[in-house]
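To start, the structure under review is shown below, and the notes come after it.
What you see is a predicted model; the values in this text were computed from it and never measured. First the proteins, then the strands, lettered A, B, ... as listed; each starts at 1.
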Amino acid sequence: MMPRPAVLPAAFFDRPADRVARELLGGVLAVRGADGRIARHVVHETEAYLGGHDLACHGSKGLTARNAVMFGPAGRWYVYLCYGMHWMLNVVTGAPGVPAAVLIRGAGGFVGPGRLTRGLGIDRRFDGRPAGRATGLWFEAAAVAVPRRLVARTPRIGVGYAGEWADAPLRFVVEPERLATLKERRSSPRRTSR
DNA sequence: GCAGTGATCATA
DNA sequence: ATGATCACTGCC
């Protein structure tokens, strides 16, 4: 029988953001709709924001009302409005006091952080809440780890202002069609051995 | 290529 | 109170 999907616990996020961003690839972003139905989207693009020393990270400007949740414990959502129209979905990582997080840039059929939140109906209501079933928005562990050769690392998008940090390879991408290939391999009947 | 859009934050 | 800035998107 199908095992119940494992909800990623807060401890999963209590690690360096780049590690979390990498391991979130292939994992599932799950959201419960108003009708109680659960939609699941496999994560295929993330970005890590490492902390106060990372000039692209909101936390590098110090504690403010907006970014306060980043300074708190790992495993909570950090959601903010960008350009007056787009909600950005992040999950806080690392120890309290370290303003680090992972931006979810793509999952399921949604490419781009603003499109993802629009598609899933995510907005400010989730800001500061823990990622978990109780909140209606959570992560589940990857059924199969994405092999390293399928993961591309690039500089983060839209952070050209961040000096040396603009070029840090902290964006993690796996092509969705590659994920599909993985899934097929996993679920297709084993080939008769030679 | 660039306008739209409005919360947020520093400055005053 | 005011103005600059923005971890983006869609249409030219």
Side-chain angles (χ1 to χ4, degrees), chain A residues 8 12-27 29 31 41-131 135 137-139 151-176:
Chain A
L8 295 183
F12 177 90
F13 304 97
D14 190 7
R15 296 180 295 156
D18 51 346
R19 183 88 186 276
V20 173
R22 163 66 180 86
E23 292 189 20
L24 239 22
L25 293 182
L29 177 62
V31 59
H41 307 275
V42 177
V43 177
H44 55 75
E45 182 177 347
T46 59
E47 276 177 1
Y49 290 85
L50 302 187
H53 60 293
D54 173 2
L55 266 23
C57 181
H58 286 173
S60 69
K61 306 289 189 188
L63 177 71
T64 69
R66 180 179 69 165
N67 69 18
V69 62
M70 291 185 87
F71 288 81
R76 294 187 182 174
W77 300 115
Y78 168 46
V79 182
Y80 69 92
L81 188 63
C82 185
Y83 291 99
M85 316 174 229
H86 311 294
W87 295 102
M88 298 292 109
L89 176 67
N90 302 255
V91 60
V92 175
T93 65
V98 178
V102 172
L103 170 66
I104 311 304
R105 294 191 56 93
F110 301 106
V111 180
R115 292 169 177 168
L116 175 70
T117 54
R118 180 156 44 91
L120 271 54
I122 291 166
D123 61 20
R124 134 136 277 149
R125 302 192 315 275
F126 291 96
D127 187 45
R129 308 208 53 199
T135 301
L137 185 64
W138 66 94
F139 287 108
V151 177
R153 294 183 61 152
T154 80
R156 293 166 291 184
I157 305 296
V159 297
Y161 57 83
E164 302 189 349
W165 284 93
D167 299 323
L170 293 173
R171 172 172 171 253
F172 299 81
V173 191
V174 55
E175 291 177 28

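As a whole-Å value, the separation of A:Y49 OH from C:dC6 C1' is 12 Å. One interatomic measurement links the two molecules: CE of A:M88 to P of B:dT5, which rounds to 17 Å at whole-angstrom precision. Put simply, CZ on A:R156 is 8 Å from C1' on C:dA7, counting in whole angstrom units. Nucleotide C:dA4 holds its C1' atom 14 Å from the OH atom of A:Y161, rounded to whole Å.
Taking both residues in full, the closest heavy atoms of A:D18 and A:L50 are given as N-CD2, 3.8 Å, listed atom of the first, atom of the second, then distance. A:C57 approaches A:G51 most closely through the heavy-atom pair CB-O, 3.5 Å. Of all heavy-atom pairs spanning A:C82 and A:M88, the tightest one is CB-CG, 3.9 Å. In terms of heavy-atom proximity, A:L89 sits nearest to A:W77 at CD1-CE3, 3.3 Å.
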Working note: A:H53 + A:W165, criterion side-chain contact (heavy atoms from CB on, under 4.5 Å); need CA distance, chi angles, decisive distance, verdict.
CA-CA 9 Å; A:H53 60 293; A:W165 284 93; 3.6 Å; yes
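The CZ atom of A:R105 sits 10.5 Å away from atom CG of A:N90, with the distance rounded to the nearest 0.5 Å. Between A:L103 atom CG and A:E45 atom CD the span is 8.5 Å, to the nearest 0.5 Å.
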Where along nucleotides 6-12 of chain B does protein come under 4.0 Å, by heavy atom, of base (B) or sugar-phosphate alone (S), with - for untouched nucleotides?
BSSS---
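Between the A:T135 side chain and the A:R129 main chain, no donor and acceptor come within less than 3.5 Å of each other. The main-chain N or O of A:H58 is found under 3.5 Å from a side-chain atom of A:N67 such that the two form a donor-acceptor pair. Looking at A:R156, its side chain never comes within 3.5 Å of a backbone N or O of A:A168 through a donor-acceptor pair.
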Watson-Crick and G-U pairing of DNA chain B written in dot-bracket, each distance under 3.5 angstrom, with | for inter-strand partners
||||.||||||.
With the criterion being N/O to N/O and under 3.5 Å, what pairs connect the protein with nucleotides 10-12 of chain C, and how long is each?
unit_1	atom_1	unit_2	atom_2	d
C:dG10	OP1	A:R118	NH2	2.6
C:dG10	OP2	A:R115	NE	2.8
C:dG10	OP2	A:R115	NH2	2.6

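Checked against the 6.0 Å centroid threshold, A:F139 and A:F12 do not count as a close aromatic pair.
You'll find a donor-acceptor pair under 3.5 Å spanning the side chain of A:H58 and the base of C:dA7, going by distance alone.
A:I157 comes within contact range of the sugar-phosphate backbone alone, with a heavy-atom separation under 4.0 Å but no base atom that close.
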